[in-house]
Every structure is written in structure tokens, then in C-alpha cells.
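For reference, the structure discussed in these notes is given below.
The analysis underlying the following values was restricted to heavy atoms, covering all of them including side chains, and did not include hydrogens, waters or symmetry mates. As the structure is a computational prediction, the values presented were derived from the model and not from experiment.
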Amino acid sequence: MKSNQNIRSDQSWHIKNVRILDPFTGVDSAGDLYVEDGHFTDTKKSHMTVVDAHGLWAVPRLTDMHVHFREPGQEHKEDLLSGSRAAAAGGFTVVATMPNTVPVIDIPALVDWQIRRGQEIGLVDIWPIGAVTKGSRGQELAEMGMMQRAGAVGFSDDGQAVDQARLMRAALSYAATLGCPIVQHAEDRNLSQGSVMHEGEVSSRVGLPGVPGVAESGVVWRDVELSLLTGALLHIAHVSTIGSLDAVQYGKARGARVTAEATPHHLFLTDQAVADWKTHPVTKVNPPLRPESFRQALLEAVASGLVSVIASDHAPHHRDEKSAPYLDAPYGISGLETSLGTVLTALLHSGRMKPLDLLSRMTVGPHRVLMMDYPGVVAGARADLTLIDPHHRWAVDPTRFYSQGKNTPMAGVELTGRAVATMLRGAWTMRDGEVLG
Ligand SMILES: [Zn+2]
């Protein structure tokens, strides 16, 4: 991307010769964009700084609705500043943060604090997801209504499931009255206990304890039924098994308000990566990487729209923690800075999906799940925009991540496509890979 002016020298921009891909309005056309005072405008003005964006895509409101920023309490892994910088570097203008910090985000004051700290940093909009139960202990419901009034966009005990069916039913009923979703990390811990990877041919070969897909899909089936019973919005986080996809389809066919998200790593990698990385726990993630047949089903579900959201489950950890033996290391992959490239490589350049449809999974999709409105690239709308070079080839180098978490099995992998500039409220937060602020 070429520009004749320095960064942030001006707050009005004329972005020239760009392909506008706007899943909010369905527009896919070449043209120019004008930004002034933080918003899109129809009017070209002479004082606007010209940015030649020939060959690039302009996409509004790239959103990652599942990230772990670890603050408060685990700032040695990530904090709101390093997480925000990783988001801007990855091309994102909105992230929804999971509440499994220390302490857990289960009261309105903590929701309010996260939002204000995010605004102070000013690199990405932070939408907190509050805990379903107090301390995410799965015993009694948290003050969801009060957290929503403070700005929480949904509720989850992510990291673990809301196990008890009676409590899950109550949570869904309560959330239904609030008009926001329960985001379920579907995992039967009784079945998954002690497991570190998917149970199958590879786990037998490498000799690590595995978990079968039913530990996830069993909970999804139950919750889909509870969603039908309560009429509540249920969102399944990081769906990864064929059985879970069948359950979501079953629910949708019967009118359940159920949605699901897939992660880039489940769309790109299989459990073979565990064998390839030998005993390095960089591939240890929950839910685990699955066999090729599961990955193909997931790709198909994203393409068909059964899965309407792609989210990274960005889970940074300290290097020392991820250097532990496979059995002891924490679960998670640092994903914000590889998400877009991985998704474009797996779904666009493979010919499976068209750009507008694919980008809807990272824009309109999460907005609908979280019941958030955004008009798209229209005059008067907030100028949150990502410029993407869809053909840029690059190799993943975690040492260059803005995230503190360098833990990724994507290291060295060649991807095609990446964000080259990110704009939040009309100001650049990243240009040419460099985060500004
Ligand atoms: Zn989770």
C-alpha cells in the first residue's frame, strides 16, 4: 500500500482504486472510499490524503468474537495492550474477550473496566463476554443482566462447559430475556479428563491420551435441545466434530436459534500435526486438532453457512509454560496474527468459497450472533476498515508476533493473503504490518 503522507498526519482519507467487499450491504465493487472525522463520507474533498489501494480489498469491521487477552491476572501471557496490538496487526477492528481471567469477569465493574481500558489503548474495540456463573465455577448464575448493562455482549464459562443441564437451562432462559447469547465451550469433562489430543489412530501411534469427539458433540446435542426448549440464543464455540455439526443442523432445521463458530486451526490442521511436532505441545489445544474427515466436514459447514462465524480462540501462553512436557502444558494457540491468512488459504485459495461469503464469517456473522448492529460501508458509518492483500505470500514467523504468545503450530507455514492496513474510527492502527501505538 502506497501513501504520499505520513501516518496519522491527517484524519481524512481518500482510499483509491480499492475492491470494496462489504458483507453488511452485500456490495462487491471496485471504487474509492472517503473517510472524514472517523466516518465514511460520500464526498471527496481536496484536503484528503490519497492512499493508492490498487489490488487490495477494503473490508469493514473485521471481527474476532473469541479471544483471550489474559488481563487481569495473567499479564505474563498477554495483556489488553499486547492483545490489542495483535488484533490490529491481524487486521481486526473488533474483538470479543473471554472472561476466564483472574479474577473471572463476572461482575459489571470488571466489564466496565475492560471496555474503558480498551478505549484508552484505542487499537481495537473490545466487547467483553461475561461469565455465565460466578467465578465460572458452574454453581450459581452470575449477574448477567447487570453485566449486560455495563456492556457485556454475551456470556460464557469458556475454558470449560456449563456442565449442569439445570443450570444451563436457567442460563439460557435468563439470557433469552436479555436478548444475548450463551456461548458454550462444549466439553464433557468426565469423558475428556486426562486427555491431551483427539482419540484415534494418531493418538495410539504417538502414545498420548486422547478424547473422542462425543465429549464435545454430546454436550452440543443436549444444549441444542435446551435452546429449542427455552427459545434462547445458543452459540457453540470452536465446533470441531462431525457429531456437533449434525446437532447444529438438527437444531436449525427445527427452528432453534443456534449458531456455531470454527477456528482457523481446526480448518487448516489435523491431529497429524501432533505427530509432526513430536512432543512439542504447540499443537495442544482444546478442543483438540481432529482427523482429516472432521476437517473436511468443518470446511464444508463453513462454506454452506451452517457455521456462520470464524473466530481464532486466540490463546496466548508464556514460552516457559508451552515448553512443558505435552501432558502438562496448557491448551491453546496464539491465533490473531495468522487467522486471516489461514482462512484465506484454506477457504478462498482452495476455491471453496467466494470472498464476500467468506468474509461474512468474520464480519456480519459475529455481529448477528452478538446482536450488534453495523450498517456497513455507507456514509455516516464509523470507519472501521481493513485493507487486505489477498495474494500476498508469506511464511508465519511467531518471533514477529505483536502478541506475547508465540505459541503456534503454524510457524514456518506458507500462507497466501494478509491484512496490510487496519483502520479504527478513521485512524490507522496498523500499516504495512506495523502497529501504530
Ligand atoms: Zn473454549
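Residues Ser156 and Ser136 fail the side-chain proximity criterion, which asks for heavy atoms closer than 4.5 Å. Side-chain contact between Leu228 and Tyr250: present, with at least one pair of heavy atoms (C-beta onward) separated by less than 4.5 Å. The shortest side-chain heavy-atom distance between Val67 and Ser312 falls under the 4.5 Å cut-off. Under the 4.5 Å side-chain criterion, counting only non-hydrogen atoms from C-beta, Gln119 is not in contact with Ile126.
Under the side-chain contact (heavy atoms from CB on, under 4.5 Å) criterion, Arg352 pairs with Gln296, Leu299, Glu300, Leu347, Ser350, sequence neighbours left out. Qualifying side-chain contact (heavy atoms from CB on, under 4.5 Å) partners for His54, counting only residues two or more places apart in sequence or in other chains: Asn17, Asp52.
For the residue pair Asp158 and His66, a side-chain donor N or O sits within less than 3.5 Å of a side-chain acceptor on the partner.
In this structure, NE2 on His265 lies 10.5 Å from CZ on Arg290, to the nearest 0.5 angstrom. In this structure, CG on Leu178 lies 11.0 Å from OG on Ser173, to the nearest 0.5 angstrom.
One finds a salt bridge joining Arg19 and Asp28 here, because a Lys/Arg side-chain nitrogen approaches an Asp/Glu carboxylate oxygen to under 4.0 Å.
Taking the six-membered ring for Trp and thresholds of 30 and 60 degrees, His367 and Phe24 have ring planes more than 60 degrees apart, a perpendicular arrangement. Note: His238 and His185 have perpendicular aromatic rings, judged against thresholds of 30 and 60 degrees for the angle between ring planes.
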List the atom pairs, donor and acceptor, that lie under 3.5 Å between side-chain atoms in residues 161-169 and the rest of the protein, sequence neighbours left out.
from	atom 1	to	atom 2	distance (Å)
Asp163	OD2	Arg189	NH2	2.5
Gln164	NE2	Gly138	O	3.2

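Checked against His317 for a side-chain hydrogen bond (donor to acceptor under 3.5 Å, both in side chains), the options Lys322, Lys77, Lys284, His68 give a single hit: Lys77.
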